[in-house]
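Order of the sequence lines sets the chain letters (A, B, ...), proteins ahead of strands, with each chain counted from 1. Keep in mind the model is a prediction, meaning the values are calculated, not measured.
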2 protein chains.
Amino acid sequence: MSFKTDIEIAREANKKPIQEVGAKLGISSDDLLPYGHDKAKVSQQFINSVQDRPDGKLILVTAINPTPAGEGKTTTTVGLGDGLNAIGRNAAICIREASLGPCFGMKGGAAGGGYAQVVPMEEMNLHFTGDFHAITSAHNLLSAMIDNHIYWGNKLEIDERRVVWRRVMDMNDRALRDIVTSLGGVANGFPRQTGFDITVASEVMAILCLARDLTDLQRRLGDIIVAYTRAREPITCRDIKADGAMTVLLKDAMQPNLVQTLENNPAFVHGGPFANIAHGCNSVIATTTALKLADYVVTEAGFGADLGAEKFMNIKCRKAGIAPSAVVVVATVRAMKMNGGVAKADLGPENVQAVQAGCPNLGRHIENVKSFGVPVVVAINHFVSDTDAEVAAVKEYVASMGAEAILCKHWAKGSEGVIDLATRVAEIADADMANFAPLYPDEMSLFQKIETVAKRIYRADEVLADAKIRKQLKEWEEAGYGNLPVCMAKTQYSFTTDPNRRGAPTGHSVPIREVRLSAGAGFVVVICGEIMTMPGLPSVPASETIMLNAEGQIEGLF
Amino acid sequence: MSFKTDIEIAREANKKPIQEVGAKLGISSDDLLPYGHDKAKVSQQFINSVQDRPDGKLILVTAINPTPAGEGKTTTTVGLGDGLNAIGRNAAICIREASLGPCFGMKGGAAGGGYAQVVPMEEMNLHFTGDFHAITSAHNLLSAMIDNHIYWGNKLEIDERRVVWRRVMDMNDRALRDIVTSLGGVANGFPRQTGFDITVASEVMAILCLARDLTDLQRRLGDIIVAYTRAREPITCRDIKADGAMTVLLKDAMQPNLVQTLENNPAFVHGGPFANIAHGCNSVIATTTALKLADYVVTEAGFGADLGAEKFMNIKCRKAGIAPSAVVVVATVRAMKMNGGVAKADLGPENVQAVQAGCPNLGRHIENVKSFGVPVVVAINHFVSDTDAEVAAVKEYVASMGAEAILCKHWAKGSEGVIDLATRVAEIADADMANFAPLYPDEMSLFQKIETVAKRIYRADEVLADAKIRKQLKEWEEAGYGNLPVCMAKTQYSFTTDPNRRGAPTGHSVPIREVRLSAGAGFVVVICGEIMTMPGLPSVPASETIMLNAEGQIEGLF
């Protein structure tokens, strides 16, 4: 049996002009700003004009903890969107944009897979509509203006040792992680140690993804803390007077991008913040716009449900005033086996016992999501080697948790393979069963918020934090930041902070290494473990084999 | 008397959909890749399809040495293009893209002025169609791959001290001029001193602007010398295997951008290499494409004719196999006065004597341009305070040089103000009077080429270069680079290397500080004086006052 690759399938796509895709959502050609013939931005003017319409139903797709076996969260998001359209519902999907840097490192970065993909695949993995470039420019303009302020007399009395705003580049470049700038004499400024992060780690990215409109965007940009004085007074982006120009640079990037699935259904692809030091969801403006235009909006959150869904609920939904009507947890038989202790190389043969042994990971995610007051369905993303007995084992386990698992074959069959899931999800959403509430109130102290997530979601016994960290949290509370949600940065591979502990561990501790204030984005980042904000390239980077072939097509990108 | 500002005029523009502008040149909607409703890229497929058509006439607009009084070279280029259309000719213009970085430093960056502008002005000064971002990404991917190669074992035996490829950012950021990278330990690589240039100074920019097609682009990218071994053997981009992925990143950027003038005439705006360490003209692909689509193509070159026109002829025309049918030298009465010794503050009152005293600067440019075998017309770009007697003095002087000066009022009146110039230029171009030849043959030695430019264009007595520089040139000749043209990097404010020597000096020397090989772009850069490849921001940067107003319009950018 031989399969077509994702790129082969994507190249065969029968794409419609983007104006036709927009028309499905009632967007006229004038309100679409085209980028080529198959991509467009939805104009801010149009978005403003639909604000009084009622909202459609929001459906979140999340997953178990990721394993090397793969789960297919984006694939399922795309498949479910196509499935809802196939059963006659007016549905749109909302996913994140891909980062350029990693595409040149390891293969990958595609939007979905098999017959559940969003196109144009190549452009989405390269410059797309330039949003990430705009974010890079806005971020680095602020960086340049900070050093320029110090250079021209430093009226704000910035302590050069306490500049916390770095620079960004959408590239995997380890050489830029830790650098000294302004060498070479007086004309180049005051030397100081700093560095670059990858663009998706920029607070500007998180802000763009959480801002409701351009006014909110500028306010949040202005709130960014960029440095401190010797007396430890914060200096903001507004003090540097960069917020206006940054907003101008981000004006177009704030407009959501519209593309299409292989089945020509509308897909918003907008924003892509890190899922560790940021909240890992597509933009609020894309989601809220989609909700005005479609009856069902299928969206996803980064990593597994312990990180992605938690932040989706506690950060994005809280800030945007939205709530999911249903949540789909994606699992695969293979991933259950890995959670049950099987190595990747041994995933081939049937092993019902291992599936059963791994299911508690899924079970805990189901429980966790339910604790937000939202109904859950499990999507078993089918892989050709799965046996009936293995699938049955997952279904049985999920039923024992008071939920339902539905086998999905969208990867191989597109919407046709996901009709059951789409039908059930639509039923649940239509029944208005959800009674959503975030896990903790704004008023709770920052440390208690961390404890709440650690104990109720990670099922840890305790949170470990030294006095310095507790003091820092107290100081932020006194400075008026106590009402912010917390943004947990933890390994995605485990409920614990140890990436090797699969399954559903208990009795562990969550040690906090560091806390950071993202005053513009509006959350406190809680770092539990090593977090890399500037990746490196592997010994043989994908970029060595990426090229145009004789037909002018891109080879090696996927 | 009060005037509208450039931005006020631009905002009142009655823009046509870009498809209508394209239709004027016979480009169908399918062959235009729109970026919004008023910008588009011309598809590579369409460009390939018109290669067998005859070429239109090429008209170069150049100028006297720039003074703080302003000359209006772009304004005249746009005005002349509109003027040719107004007299019933099928004309297009070709100009450079603006760099984002400087827009946030000093006010300015507009494309033309008054009633001779290209629109949409804001977008052209911000991200436009993303070309410069693509160049930045391609450049920095190569940078990351070089350090990554060293990190993973350095099989090519690159001498870390001899990495000559820096990084770029489209930003004025003096702190990045001179930096140390890879600090922080083993995982971050080998610390070394390097820095960032502004994107327009990237050799990738020069290459994009000189490449004939994607195949030529990849070959040139591959030829870039990025480092040397301890034995001083060059390491190229091809050795690093980055040329394929860089070409992929530049695939869209290679397609020329189409916009329109205020009078809805087609304008190609594509590429923008530095006019000192590079050749300072818009892309070859835009110019050659325009020549296939229009009967007259009006284009410009950076700085004054001593630098811009010289490089246009000796580098761009030579490499692209094109030649101008006529050259327009732009001058203003005010600039003549400044060349005649008047300070900027004293330009108000009539001063015919100063005009006459300044005219030899213009005269020498006329002579120089003629020496390439092309007919010359002088455009006097009218300023409201110019008196009839002053204008007459310029005309008289130009007549004495065997040329013709024509008063132009396109700034105030659009095409209506430039009918005389357009008529005369069309006459000259139609008469096929040009007998173009570059100033020196490929076979001449590199040092002799430098001497030829210095003596025949700058009218210097001698070129000063120490033994090390002469030896370097010899080595490059031995390595097979002797047939390249030279790219002079000199102050634009004077024929000499001293920016304060206005007029038409003689008897000076041209000292060479440094020579650099741009093996991919295909020229040897000859640096005579201080050349800044990463600007800084002023004490009160324009970015402090750039913002969106209540109507969502951009304020402060111009």
Side-chain angles (χ1 to χ4, degrees), chain A residues 33-37 44 100 104 126-127 130 133-134 136-137 140-141 143-145 147-148 151-153 169-184 187-189 193 214 218 241-242 244-245 247-249 251-252 536-537 539 541 543-548 552 554 556-557, chain B residues 30 33-37 44 100 104 126-127 130 133-134 137 140-141 143-145 147-148 151-153 169-184 187-189 193 214 218 241-242 244-245 247-249 251-252 536-537 539 541 543-548 552 554 556-557:
Chain A
L33 303 165
Y35 283 67
H37 300 296
Q44 188 63 54
L100 184 63
F104 295 107
L126 292 170
H127 309 291
H133 291 315
T136 304
S137 291
N140 291 336
L141 174 62
S143 312
M145 287 177 75
D147 279 310
N148 193 58
Y151 179 85
W152 288 105
M169 189 184 279
D170 197 4
M171 193 61 66
N172 287 16
D173 191 348
R174 68 172 65 76
L176 293 178
R177 285 175 189 154
D178 193 344
I179 68 174
V180 169
T181 55
S182 288
L183 296 171
N188 297 348
Q193 195 162 5
L214 287 168
Q218 179 158 353
K241 298 182 187 162
T247 304
V248 166
L249 279 168
K251 183 167 99 63
D252 291 341
L537 291 170
S539 59
S543 49
E544 289 190 2
T545 48
I546 292 172
M547 60 190 66
L548 295 179
I554 298 169
L557 191 54
Chain B
D30 285 351
L33 302 165
Y35 283 68
H37 300 295
Q44 188 63 54
L100 184 64
F104 295 107
L126 292 171
H127 310 291
H133 291 316
S137 291
N140 292 334
L141 173 63
S143 312
M145 287 177 75
D147 278 309
N148 193 57
Y151 179 83
W152 288 104
M169 189 184 279
D170 196 5
M171 192 61 66
N172 287 15
D173 191 348
R174 67 171 67 75
L176 293 178
R177 284 173 191 156
D178 194 343
I179 69 175
V180 170
T181 54
S182 288
L183 296 172
N188 297 347
Q193 194 162 6
L214 286 168
Q218 178 159 353
K241 299 181 187 161
T247 305
V248 166
L249 278 169
K251 184 168 99 62
D252 291 341
L537 292 169
S539 59
S543 48
E544 290 189 0
T545 49
I546 292 172
M547 60 190 67
L548 295 179
I554 298 169
L557 191 55

Check your understanding: Who pairs with Phe104(A) by ring pair (Phe, Tyr, Trp, His ring centres under 6.0 Å), at least two apart in sequence or on another chain?
Key -> none

Practice item. Could you list the residues that satisfy ring pair (Phe, Tyr, Trp, His ring centres under 6.0 Å) with His127(A), not counting sequence neighbours? Key: His133(A)

Options [options], ranked by heavy-atom pairs under 4.5 Å with chain A, top entry:
options: Leu214(B), Asn140(B), Asp252(B), Leu537(B); value: Leu537(B)
options: Gly552(B), Gly130(B), Gly153(B), Ser137(B); value: Ser137(B)
options: Asp30(B), Ile554(B), Leu141(B); value: Leu141(B)
options: Arg177(B), Gln218(B), Gln44(B); value: Arg177(B)
options: Leu33(B), Ile179(B), Asp178(B), Asp147(B); value: Asp178(B)

Between atom [atom1] of [X] and atom [atom2] of [Y], what is the distance when rounded to the nearest 0.5 Å?
X: Leu249(A); Y: Leu100(B); atom1: CG; atom2: CG; answer: 5.5 Å
X: Asp173(B); Y: Asn148(A); atom1: CG; atom2: CG; answer: 8.5 Å
X: Met145(A); Y: Glu544(B); atom1: CE; atom2: CD; answer: 5.0 Å

Practice item. Measure Asn188(B) against the heavy atoms of chain A and call it side chain, backbone, both or neither at under 4.5 Å. Key: both

Less than 4.5 Å apart, side chain to side chain, heavy atoms only: is that true for [X] and [Y]?
X: Thr247(A); Y: Met547(B); value: no
X: Lys251(B); Y: Leu126(A); value: no
X: Pro34(A); Y: His37(B); value: yes

Practice item. Flag the one option from Ala242(A), Gly36(A), Gly189(A) with the top tally of heavy-atom pairs under 4.5 Å to chain B. Key: Gly36(A)

Exercise for review: Can you see which heavy atom on Ala245(B) is nearest to which on Ser543(A), and at what distance?
Suggested key: CB-O, 3.4 Å

Point to revise | Residue pair Arg174(A) / Ala187(B): nearest heavy atoms and the distance that separates them | key: CD-O, 3.2 Å

